[in-house]
Structures are given as structure tokens and as C-alpha cells.
Peer 1: 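Have a look at this one.
Letters A, B, ... are given to chains in the order of the sequence lines, protein chains preceding strands, and every chain is numbered from 1.
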Amino acid sequence: MAEPPHEHPASDTPGPTPTPGPAARPLNFIEQIIEQDIAHARWGLTGTTGLGTPRGVHTRFPPEPNGYLHIGHAKSICLNYSLAKKYHGRFNLRFDDTNPSKEEQRYVDGIKADVSWLTEPLGGGFAHGPHAGGLFLASSYFEQMEEFAKELIKKGKAYACQLTADEVAARRGTPAVPATSPYRDRPPEESMRLFREMKAGKHPDGSLTLRARIDLASPNFNLRDPVMYRVLHAHHHSTADKWCIYPMYDWAHGIEDSLEQITHSICTLEFENHRPLYDWFIDAINEGRTPDGSGPWGTTIWHSRQVEFAKLQLTYTVLSKRNLLKMVQTGAVAGWDDPRMPTLCGIRRRGVPPEAIHLLCEDVGVTKFDSVIDIARFENATRTVLNKSAPRAMCVLDPLRVVIDNWPAGRVEDVEFVINPEDPSSGKRTLPFTGELFIEREDFMPEPSKGFHRLAPGAQVRLRWAYFITCTGFETGPDGKVNLVRCTYDPATRGGNAPPGADALTNKKVKGTLHWISAHHTITGHVRLFDRLFNAEAPGERTGNWADDLTPDSIKVCTGCKLDPILADAPVGQAFQFERLGYFTIDPDSRPGALLLNRTITLKESTPEKPKAAVRTYTPAEAAHELKIKQDKLPALIDAAGPAGFAERNPHHLTLDEVRALRQWLKANPPAKG
RNA sequence: AGGGGUAUAGUGUAACGGUAGCACAACUGACUCUGACUCAGUUAGUCUAGGUUCAAAUCCUAGUACCCCUGCCA
């Protein structure tokens with residue numbers, strides 16, 4: 001495994017960027033780094049060859065199996081897989097299973113399924129396809145890691161430390177005061193003996209660690225002699241009871257990447273502070289090693305390059321395994337795969353196709369800047385994909401009976417129905433039309449409001465693909481609710497086509513088009529409608545507890561829905577667009593005769609009345625942030641700049657215009673220095 | 001406080017010393033057998049202050065704001 005001399009990123013000089021090919025979009029910063037690496041032939045990259053000759057970019061997704069994956073992880077998976085695909089390489093799935101006290105086999109299984117689901121439309125995944133790198137377990141490297149650890153002990157670069165966790169914390173020091181350990185100058189032989197005893201199970205949990213001997217005074221606390229191994233008598237989901245010492249992330253992770261010869265080790269921003277440590281460990285192992293194996297310690301090991309990017313954050317969403325787990329445990333949701341959850345299994349059950357996640361990731365890009373993505377972008381990506389792919393169906397969620405008085409008794413007519421107007425290859429099917437139908441209750445108003453152009457007494461509307469009907473009256477039940485609408489149909493409008501108007505030149509127009517279903521040709525079922533799980537942009541920001549921002553009724557079940565008969569044979573997960581209602585999918589709990597559907601997302605809706613202008617408002621905290629001042633200086637600024645009417649308003653949220661005015665004022669009246 | 005990062009329209013991102021562009025959102029309008037889709041147009045931006053330069057988002061200096069780091073978690 002010849003590997004070129006590792007160059008630290010700091011030594012990089014901007015090289016000529018190779019022709020990027022047909023660039024649909026500019027390269028993101030990671031692609032730029034990779035193309036420079038190719039230009040300099042680092043890691044043996046040539047960029048022009050196929051797989052492994054000598055090699056392309058090799059990436060990996062390294063989850064800890066201590067929970068289910070969420071949409072934040074999806075960004076990392078898409079990034080890693082896409083880079084391997086774009087640069088003729090491979091993609092590994094590797095479980096970073098170094099802490100058995102938190103990990104479970106069911107999470108391993110769930111994560112494998114989620115990653116496969118997500119990467120499948122990209123042409124494969126970790127297990128199959130042209131870029132499959134394979135499935136790996138950190139725990140299968142434990143023996144090798146142990147050997148490396150012993151090597152560092154012999155080199156005087158690691159030592160056994162008998163400080164307890166509390167003592168280590170107490171001796172951690174401060175930026176100005178170095179940490180201390182009375183054991184760091186212990187002879188290597190003694191450390192070796194203790195390390196062997198640790199492994200042999202002769203020491204209780206927490207009594208002993210192996211620590212790297214780096215720098216107790218480093219301003220980077222990760223370098224203050226970090227723990228490499230701890231004693232932990234715990235059952236491991238993969239290695240069972242074979243080990244009672246487990247490596248720490250910092251020690252293990254770089255070795256895992258090295259053993260798999262990962263070229264670019266992509267991770268999130270919070271690991272930036274760990275990169276020097278990652279590099280230190282590999283360099284320490286390589287001290288005394290040579291590329292040809294002639295050195296005293298053998299052949300040099302692989303040194304991957306770590307690159308950090310900003311993780312995905314979404315408004316109205318909680319994205320941390322800890323909080324997600326708590327939501328499940330407290331019953332805030334029905335489980336990890338509740339369709340309201342941002343987990344990949346929840347999103348999948350909700351009916352979102354993986355392509356929507358790919359589209360979102362392309363949309364938001366890859367940078368090092370912490371940003372929060374508006375959840376609406378994800379919703380829009382979902383609509384965009386489903387609009388192109390979902391067959392249409394005619395379903396009525398809240399049925400209202402319509403009788404067509406001039407329809408010949410008992411007559412059934414098949415009307416042609418375009419399965420997906422956005423996809424000509426999908427073709428047509430037929431739908432039975434009769435004199436007794438259901439329409440959506442909200443599509444009829446006895447006394448129509450202004451701008452309502454659906455059904456009302458005397459009004460004419462089109463029934464999609466069928467006929468124009470005119471309302472001649474309605475009946476109400478004892479409760480005063482409308483329970484029947486009477487209409488006549490116009491035979492000249494068969495197929496829903498508008499007949500020539502009075503002048504025989506312009507077609508007669510009708511404003512509204514309604515969806516419908518024949519009362520005698522429908523199946524009933526339940527449909528679940530979801531609202532956002534949280535009703536605050538940043539759940540928990542207000543009170544410190546996300547539970548305070550839970551939407552009270554974020555799930556609504558419609559019973560007795562009148563569904564298109566085509567749904568009877570649809571498989572679980574099949575997506576449909578219910579005309580004018582949104583996108584829906586069959587839930588796994590659905591049964592023949594007891595259909596259950598989930599609404600994935602509504603259609604985009606512009607309201608009939610003049611939509612009220614959505615004015616962006618700022619909380620005091622947001623305004624201060626926007627103006628780059630401390631929040632406590634905001635009141636004084638407002639007093640000084642005085643946006644009209646602000647003082648009378650409650651709550652004291654600022655409008656966009658007011659924030660702009662304050663910014664202008666600040667520009668004209670810069671704060672005094674000091 | 002020390003260290004590590006990041007600042008470009010409302011939001012997300014390009015521009016690599018040479019015309020600040022794109023997408024989403026918003027707003028106008030057109031089209032429409034889904035109040036969907038599609039299409040056209042409008043509004044709006046380089047954190048601040050100095051400096052270098054014919055020319056600065058970009059280079060230099062000094063500030064400001066935000067994120068990460070003091071687990072035997074990852």
C-alpha cells in the first residue's frame with residue numbers, strides 16, 4: 001500500500017484547477033480540494049482512470065449505531081456517495097461501534113436499510129453497484145488498534161493513567177493552566193503491563209485508561225493527553241464479550257479511515273478541533289515506518305485527509321439523536337418511524353421519495369458556514385419530485401353527496417383520466433361516472449364568499465375529466481349541515497371539455513374544476529393528515545425545552561374517505577397525487593378493507609383571497625444578530641433611531657423595514673469605540 | 001479569557017484582483033381541465049473601519065457578531 005507523502009492541508013498552494021467537465025453547477029469547496037489533490041496526484045489520485053487503477057476518491061459514512069438516521073445524516077451520505085461517484089471511487093458504510101453501552105443491533109439493521117434506500121436511486125450504494133466499497137465495523141479492527149496502541153506505548157507516546165474520570169476533569173486545567181497527570185512519565189514497560197492487565201479484565205471500569213502522551217499545555221484541549229482506551233465491561237452487539245477495553249473515538253476513527261484507505265474523510269465542523277489529533281495519531285504510528293517497510297516499525301500506514309463541512313439544520317425541526325430518542329421515549333411521537341419524524345425511516349413512511357432528499361442536498365450546497373435551511377425548501381423539493389412521478393388519483397377526504405337530476409337512471413359511463421399530465425408515458429385509464437357522486441365538502445358553499453369559484457347555488461363547475469354541472473339546489477339535515485347537493489349536467493361537455501361559447505369562436509369558460517368520485521364505485525379508508533410537529537422555527541429556543549413548542553394536534557385522521565378504487569391494489573409506499581389535495585402514500589399499517597394513507601405534503605396553495613403579504617419579522621434577539629450588536633444594546637438603538645410606532649407595539653418584534661432602517665442609522669451613526 | 005472556525009439580497013449559495021450572478025421565498029402578470037404545474041417580470045446583498053491598487057466581496061491591518069472545544073460520548 002504505497003501512499004504518497006502526506007501533505008498537511010496548510011501546506012497547500014492553490015494549483016491550477018483541472019477542467020471540471022460539463023459543469024452544471026460550480027464546484028463546492030470539497031470538490032475544489034479534491035480536484036487540487038488530483039492535480040497534485042495526492043493519494044495516488046489520477047482523476048482520469050476508472051475504479052482502483054490506481055484509485056479514485058474513496059469516502060465513507062461512519063455512523064454510530066446508537067439511534068436511527070435523520071435527514072441531517074442524509075446530507076453526509078449524499079455528499080460522500082456523490083463524491084465517490086463523481087471521482088471514480090468507492091463508498092463505504094462503516095459502523096463506528098466503539099461504545100457498546102449505547103449501541104444496538106437493531107440500529108445497525110435500521111441504518112443499513114436507510115442508507116441503501118437513500119443511495120439506491122444514485123445507482124447503488126455501499127453494498128452493490130459500481131461504487132460499492134463495502135460494509136465495515138470498527139469493532140473488527142480492535143485487534144489491529146491494540147497492536148498500534150502497544151506500538152505507541154513502546155515508542156513512549158502513550159501511557160497507562162490511573163486517574164479517575166473526576167480526577168482527570170479536576171486536573172484538566174484552563175487555557176492558561178496546563179493539565180497534569182502524575183503517571184505520564186511512567187516507564188513504557190509498566191504502561192505495557194498495565195495495558196495488558198486492562199485488556200485481561202484485571203481492572204474495574206473507570207479505574208485505568210491508556211492516554212496519548214501529547215501536550216498537557218495545549219490550548220486545544222483535545223491534545224491534552226487524550227484517552228485512547230477505557231475499561232468497559234459491556235456486551236458488544238458484534239464482538240459480544242470478547243473485549244473489556246474499548247477505544248475512544250479520536251484514537252479509533254483515524255485508524256479506521258487509514259485501514260480502509262479512505263482518501264477524503266468528510267465530517268462535520270465540530271470535528272475541526274480534532275483534526276490535529278487525528279493527524280498526530282497517524283504520524284505517531286508512522287514514526288519509524290517507511291514506505292518500503294525498511295524502517296524499524298515496518299511499512300507506513302495510510303493517512304486520510306479530513307475535511308469538515310457544516311451539517312444540515314432545518315427550521316421547525318429537532319435534529320439530534322438525543323432529542324429524537326427522547327421524543328420517542330416520552331411518547332411525543334409514535335416511534336422512530338412516525339411520519340412526522342425527521343428520521344429517514346419516518347420520512348420514508350411519510351412518503352417522501354429519496355430523490356427529494358437528493359434535490360434538497362443539491363439545493364443547499366456544501367459550505368463551512370453554519371446555516372439553517374427553511375423546511376419549506378424540503379417540502380418544495382418533495383413536491384417537485386412527486387409532481388413528476390406520482391400517478392393521479394381521484395379521492396374525496398370529506399365527502400358531500402351530489403345527485404345529478406338529469407342523469408339517466410342507472411347509467412354508468414367511463415371517462416378517460418390522464419394518469420399523470422407531467423409524464424406523458426404514464427398514459428390514461430378510465431374512471432366510472434354516474435348520477436350519484438361525492439365531492440369535497442369544502443368545494444360547496446350555500447352562500448359563496450367573494451373569490452370562491454367552486455360550487456354554489458346557480459354556479460357551474462367542471463368535474464375533472466367528466467362534465468360541467470350546475471347546482472340547482474341543496475338539502476340540509478336536522479343539524480343544519482348540507483347533506484346533499486342537486487345538480488344538472490351538460491351533455492355537451494363530455495370529457496370535461498368546454499363547448500364553443502355563444503359566438504362559436506371562443507370556448508365557454510368555467511372557473512372551477514372539482515375532483516369527484518362515483519358513489520357506487522369507491523372504496524372507503526382512513527387518511528392521516530400531518531401538521532408540522534413543532535410550531536416554532538427553532539424548537540426549544542424560547543423556553544429551553546422543545547416540548548413546549550410541540551404542535552397540539554399535529555396529526556388528524558380523516559375517516560370515511562371516499563377513495564379511488566385504484567388504491568385497493570397499491571403497494572405500501574406507493575405515492576399518489578390526489579387531485580387538488582396533495583401527495584399521499586399507503587402506510588405499512590394499511591390492510592385490504594382497512595386502507596390507511598398518509599398525506600406526504602399538500603399541493604402548494606395560493607389562497608383565493610388576496611394573500612396577506614408575508615412580512616418577515618425579527619425577535620429582539622434576531623434583530624440584534626442581524627445588526628451585529630449585543631441584544632442589550634438594542635433598546636438604546638431603537639430609542640435613538642426611533643422606528644415609528646414601535647414603542648406602542650406588543651410584542652416588540654421588528655419588521656424587515658425597521659431592521660433595515662436601524663442598519664442605515666447604524667451606518668450613519670457608528671457606535672463609539674471601546 | 002486561550003484555541004479552532006465562519007461572515008455576500010428575507011433564505012441558501014456563486015464570483016479565486018476586472019460588469020456582484022443563480023436558486024428558493026415574496027410581489028406583478030400570462031397560461032391552465034388540479035386555486036397545482038409552467039412561463040415572464042419586479043423588489044432586494046458584499047459585517048464595520050482604515051489601508052494597498054488604475055481596479056477589492058476577493059489582498060493587508062484593526063475591530064464586531066455568531067458557531068465549536070475543558071466526556072473514560074461520537
Peer 1: How is A:Glu308 classified with respect to the nucleic acid when contacts are heavy atoms under 4.0 Å: base, sugar-phosphate, or nothing?
Peer 2: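 Counting heavy atoms under 4.0 Å across all strands, no contact is made by A:Glu308.
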Peer 1: Is A:Glu167 reaching over with its side chain to a backbone N or O of A:Thr164, donor-acceptor style, under 3.5 angstrom?
Peer 2: yes
Peer 1: Under 3.5 Å, is there an N or O donor on one side and an acceptor on the other linking the side chain of A:Glu270 and the base of B:C69?
Peer 2: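 By the distance-only test, no, there is no pair.
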Peer 1: Answer with base, sugar-phosphate or nothing: what part of the nucleic acid does A:Leu463 contact at a heavy-atom distance below 4.0 Å?
Peer 2: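 No contact.
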Peer 1: Look at the side-chain N and O atoms of A:Arg462 and state whether any lies under 4.0 Å from the OP1 or OP2 oxygen of B:G35.
Peer 2: no
Peer 1: What distance, rounded to whole Å, do you find between the two C1' atoms, one in B:U58 and one in B:G45?
Peer 2: 16 Å
Peer 1: Check whether any side-chain nitrogen or oxygen of A:Lys604 sits under 4.0 Å from OP1 or OP2 of B:G35, and answer yes or no.
Peer 2: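 Result: no.
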Peer 1: Looking at the base of B:G4, is there any donor atom on it, or on the side chain of A:Arg275, that sits under 3.5 Å from an acceptor on the other one?
Peer 2: no
Peer 1: What interatomic distance, in whole Å, is found between P of B:U8 and the corresponding atom of B:U42?
Peer 2: 25 Å
Peer 1: Donor-acceptor pair under 3.5 Å: do we get one between A:Arg377's side chain and the base of B:U11?
Peer 2: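 Flag set: donor-acceptor pair detected.
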Peer 1: Is there a donor and acceptor pair, one atom on the side chain of A:Asp370 and one on the base of B:C66, closer than 3.5 Å?
Peer 2: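 When only heavy-atom distances are counted, A:Asp370 does not reach the base of B:C66 through any donor-acceptor pair under 3.5 Å.
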Peer 1: Compare side-chain N and O positions of A:Thr367 against OP1 and OP2 of B:U13 and report whether any pair is under 4.0 Å apart.
Peer 2: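 Yes, within the criterion.
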Peer 1: Need to verify one output field. Residue with the more 5' nearest nucleotide on RNA chain B, A:Lys388 or A:Phe369?
Peer 2: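 In this pair, the answer is A:Phe369.
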Peer 1: Within 45° of the ring axis of A:Phe417 and under 6.0 Å from its six-membered ring centre, is that where the NZ or CZ of A:Arg429 lies?
Peer 2: yes
Peer 1: Does A:Asn497 reach a base, just sugar-phosphate, or nothing at all? Heavy atoms under 4.0 Å.
Peer 2: base
Peer 1: Could you tell me how far B:G21 sits from B:A15 if I compare only their C1' atoms? Round to whole Å.
Peer 2: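 Nearest-Å result for B:A15 against B:G21 at atom C1': 7 Å.
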Peer 1: Identify the nucleotide, in any strand shown, that forms a Watson-Crick or G-U wobble pair with B:C59, with both distances under 3.5 Å; if there is none, say none.
Peer 2: B:G51
Peer 1: Answer with base, sugar-phosphate or nothing: what part of the nucleic acid does A:His515 contact at a heavy-atom distance below 4.0 Å?
Peer 2: nothing
Peer 1: What's A:Phe271 touching, base or sugar-phosphate or nothing? Going by heavy atoms closer than 4.0 Å.
Peer 2: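 Counting heavy atoms under 4.0 Å across all strands, the contact made by A:Phe271 includes a base.
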Peer 1: Would you indicate which nucleotide in B:C69, B:G35, B:C73 comes nearest to any side-chain atom of A:Asn273?
Peer 2: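 Looking only at side-chain atoms, A:Asn273 lies closest to B:C69.
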Peer 1: Strictly below 4.0 Å: does A:Arg172 bring a side-chain N or O up to OP1 or OP2 of B:C72?
Peer 2: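 True: A:Arg172 side-chain N/O within range (under 4.0 Å) of B:C72 OP1/OP2.
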Peer 1: Is the positively charged end of A:Arg532 above the ring of A:Tyr316, judged by distance under 6.0 angstrom from the centroid and angle within 45° of the axis?
Peer 2: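 Pair A:Arg532/A:Tyr316 counts as cation-pi.
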Peer 1: Looking at A:Arg580, I'd like to know whether one of its side-chain N or O atoms comes within less than 4.0 Å of OP1 or OP2 on B:G35.
Peer 2: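 For A:Arg580, the contact criterion (side-chain N or O under 4.0 Å from OP1 or OP2 of B:G35) is met.
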Peer 1: Find which nucleotide of RNA chain B each of A:Leu581 and A:Leu232 is nearest to by heavy atoms, and output the residue with the more 5' nucleotide.
Peer 2: A:Leu581
